[in-house]
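For ligands, and for the atoms within them, numbers begin at 1 and follow the listed sequence. In this text, all values refer to a predicted model and were calculated from it rather than measured experimentally. Throughout, numbering of the chain's residues begins at 1 and tracks the sequence.
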Amino acid sequence: MLPLARLHGGHFVCAPHVLGKLRFSSGIRIVKWDIFCNVVDNFGDIGVTWRLARQLVAEHGQAVRLWVDEPAVFAPLCPRADPEAESQYQQGVEIRHWRKDWPAVEPADVVIEAFACQLPEPYLAAMAARADKPYWLNLEYLSAEDWVAGCHGLPSLQPNGLQKAFYFPGFVEGTGGLLREDALAERRQLFQADPEARRAFLEELGVELDAAALLISLFAYENAALAGWLDALATGERPVQLLVPVGRVLADLANWLGEEKLSAGECFRRGSLAIQILPFVSQDDYDRILWCCDFNAVRGEDSFVRAQWAGRPLLWHIYQQEEGAHWDKLEAFLALYCRDLSPSAAAALTEGWRAWNRGEGMGTAWNALLAQWPELVLHAERWCREQVARTDLAAGLVQFCTKRL
Ligand SMILES: Cc1cn([C@H]2C[C@H](O)[C@@H](COP(=O)(O)OP(=O)(O)O[C@H]3O[C@@H](C)[C@H](O)[C@@H](O)[C@H]3O)O2)c(=O)[nH]c1=O
């Protein structure tokens, strides 16, 4: 892909031949964005910022630099990336290694600190010194809690005289929406309506589909509830094919299988359950895995949203916070998601998610979920449609900033 913007003497310049090819949202001018990502752990921080950055470039014609302090964590999400590079273009986004030793760069028009990461002091000073002040935002974590809409967009005056606003993703009116690429729902539906595309994609991953089996993907943290769930799957009537990308849940899976270590490509069978370990794939291929499956166990933030865009029933392993703060988040989402479900389906789903996050009782909970299956399937598509009708996060963010610049 062509670089959409190059850094030239500290300034972004967009090559005219490239600009001509871009489809701009009407009335939106090109601005320069710096997005800062401090990888706290796992893949969510860079997963969200990388997705946002490439969408700002591809769909809104913005010039984006993404500063990431651990490029090695970025590389698995974007297999073409060079984890050693100080600076590189990927899909039109300039990826910069954010080192402690900060280079003198001109701040962009819009500066996003993701998840309240601390911007470098010299960069803050340069922001304050700019004649037209940059627009500064903190992109917050996703939550369905009620207070989010009240806090979304609130400005806060900073000690250096700059204004910072808080941008909250969310599921309801008054929040900043969810990351969703243009025509994602249509692309997903076309893929799901094409059994040959599904078969061919899975075959590329080395997966041979069992047409009679329920296909499930599993992306989770360490989870004591896994063994109970696997027991239920292995002894269930319906065959199940479980795809597990390499990651933190593998140790629990190995334990249950009685294996020392697991690696991508390995396959196992226990009763009705066939298990296959998958490699960690690019974000776009991971989407396709979710689209292929009948049920997706996901975690954190970004995969949780992507499973909703798959339009299939899901199971969320929430990122655990100190003092159990994540339980409020989990319950808030469940209340919203279950609003239009029958009481019995809502109870089964709620108990399944609670059991998974509590670390016990997943076998019984799974059988209760299966009893509500047809309704849960219909609901997942309906929920997805409802969310697709809302402005996506990148578009909302561009509108939010252009009003102020
Ligand atoms: C399994 C898989 C995932 N992915 C991507 C999808 C997502 O962008 C990313 C995973 O990110 P998440 O789903 O958010 O889960 P996560 O657990 O990796 O990330 C986070 O959760 C946040 C809530 C925390 O605050 C973060 O600090 C972080 O822990 O990895 C691939 O690209 N390929 C794969 O094969």
Side-chain angles (χ1 to χ4, degrees), residues 35-55 66 68-70 72-81 90-91 93 113-117 138-145 168-170 178-181 184 201-202 204-207 216-223 242-250 253 262-265 276-293 296-310 314-322 325-330 332-333 356-357 393:
I35 302 178
F36 287 85
C37 174
N38 165 218
V39 175
V40 178
D41 55 10
N42 305 312
F43 297 100
D45 310 289
I46 186 62
V48 167
T49 49
W50 164 234
R51 193 181 291 292
L52 170 64
R54 60 197 178 114
Q55 200 184 347
L66 171 59
V68 54
D69 61 348
E70 287 187 41
V73 182
F74 167 60
L77 305 180
C78 173
R80 289 179 153 193
Q90 293 296 339
Q91 301 185 29
V93 178
E113 54 176 46
F115 314 123
C117 67
N138 179 31
L139 176 65
E140 296 283 349
Y141 286 113
L142 173 64
S143 173
E145 288 162 290
F168 281 88
L178 300 171
L179 279 172
R180 172 173 44 80
E181 295 80 5
L184 180 73
F201 170 72
L202 289 171
E204 272 174 43
L205 286 176
V207 177
I216 300 181
S217 78
L218 169 62
F219 182 46
Y221 307 112
E222 297 76 9
N223 193 326
L242 182 69
L243 306 179
V244 192
V246 287
R248 286 174 55 176
V249 79
L250 282 202
L253 180 58
L262 300 175
S263 43
Q276 185 160 351
I277 316 299
L278 297 186
F280 197 94
V281 294
S282 71
Q283 273 188 331
D284 293 344
D285 277 349
Y286 180 59
D287 267 354
R288 281 184 273 272
I289 293 176
L290 297 173
W291 301 350
C292 285
C293 289
N296 293 298
V298 286
R299 72 183 205 193
E301 180 164 323
D302 193 50
S303 59
F304 171 51
V305 173
R306 304 316 283 186
Q308 291 169 58
W309 297 142
L314 68 150
L315 177 66
W316 184 25
H317 198 185
I318 194 168
Y319 182 78
Q320 292 207 356
Q321 288 173 276
E322 275 166 29
H326 56 283
W327 282 104
D328 289 344
K329 261 177 134 172
L330 185 84
F333 181 81
W356 189 232
N357 284 285
L393 190 143

Practice item. Answer yes or no: does an N/O atom from Phe43 fall short of 3.5 Å to an N/O atom of ligand 1? Key: yes
Exercise for review: For Gln276 and Gly206, indicate whether the former's side chain and the latter's backbone hold a donor-acceptor pair under 3.5 Å.
Suggested key: yes
Check your understanding: Looking only at distance, does Val281 have an N or O less than 3.5 Å from an N or O of ligand 1?
Key -> yes
Point to revise | Contact check, Ser282 vs ligand 1, heavy-atom distance below 4.0 Å | key: yes
Review point. Which residue supplies the protein heavy atom nearest to atom 29 (O) of ligand 1, what is that atom called, and how far is it?
Key: Asn42 ND2, 2.7 Å
Check your understanding: For atom 7 (C) of ligand 1, which protein heavy atom lies nearest, and how many Å away is it?
Key -> Asp302 OD2, 3.3 Å
Review point. Mind checking whether Gly44 has an N or O less than 3.5 Å away from an N or O of ligand 1?
Key: yes
Exercise for review: Please check if the side chain of Glu301 supplies one atom and the backbone of Leu142 the other of a donor-acceptor pair under 3.5 Å.
Suggested key: yes
Check your understanding: At what distance is the nearest protein heavy atom to atom 16 (P) of ligand 1, and which residue and atom is it?
Key -> Arg299 NE, 3.4 Å
Review point. Is it true that Tyr141 and Tyr319 have ring centroids separated by less than 6.0 Å?
Key: no
Exercise for review: Could you tell me the separation between the OH atom of Tyr286 and the OG atom of Ser217, rounded to the nearest 0.5 Å?
Suggested key: 5.0 Å
Exercise for review: Please write down residue, atom name and distance for the protein heavy atom closest to atom 27 (O) of ligand 1.
Suggested key: Asp41 OD1, 2.6 Å
Review point. What pairs with Phe304 under ring-ring contact (aromatic ring centres under 6.0 Å, His included), at least two apart in sequence or on another chain?
Key: Trp316, Phe333
Point to revise | Protein heavy-atom partner closest to atom 30 (O) of ligand 1 - residue, atom, separation in Å | key: Leu77 CD2, 3.5 Å
Review point. Taking 4.0 angstrom as the limit, do Asp284 and Arg54 come out as a salt bridge?
Key: yes
Exercise for review: Starting from atom 21 (O) of ligand 1, find the nearest protein heavy-atom neighbour and note its residue, name and distance.
Suggested key: Gly300 CA, 3.5 Å
Exercise for review: Please confirm whether Ser303 comes within less than 3.5 Å of ligand 1 when only nitrogen or oxygen atoms on both sides are compared.
Suggested key: yes
Check your understanding: Below 3.5 angstrom, do we get any N/O pair linking Arg51 and ligand 1?
Key -> no
Exercise for review: Output yes when a side-chain donor or acceptor of Asn357 lies under 3.5 Å from a complementary backbone atom of Ile318, and no otherwise.
Suggested key: yes
Check your understanding: For ligand 1, is there an N or O atom under 3.5 Å from any N or O atom of Tyr286?
Key -> no
Practice item. For atom 17 (O) of ligand 1, find the nearest protein heavy atom and state the residue, atom name and distance (0.1 Å precision). Key: Tyr221 OH, 2.5 Å
Practice item. Look at atom 25 (O) of ligand 1 and say which protein heavy atom is nearest, naming residue and atom and giving the distance to 0.1 Å. Key: Tyr141 CE2, 3.1 Å
Point to revise | Main-chain N/O of Val39 paired with Asp69 side-chain donor or acceptor, under 3.5 Å | key: yes
Check your understanding: So which of Trp50, Phe115, Phe280 gets nearest to atom 3 (C) of ligand 1, if we judge by its closest heavy atom?
Key -> Phe280
Check your understanding: So, Arg306 versus Asn296: side-chain donor-acceptor pair below 3.5 Å or not?
Key -> no
Review point. Sub-3.5 Å donor-acceptor pair from the side chain of Asn223 to the main-chain atoms of Trp356, do we have one?
Key: yes
Practice item. State the atoms of ligand 1, each with its element, that fall below the 4.0 Å cut-off from a heavy-atom position in Gly47. Key: 8 (O)
Exercise for review: Go through ligand 1 atom by atom and flag the ones less than 4.0 Å from a non-hydrogen atom of Pro245.
Suggested key: 1 (C)
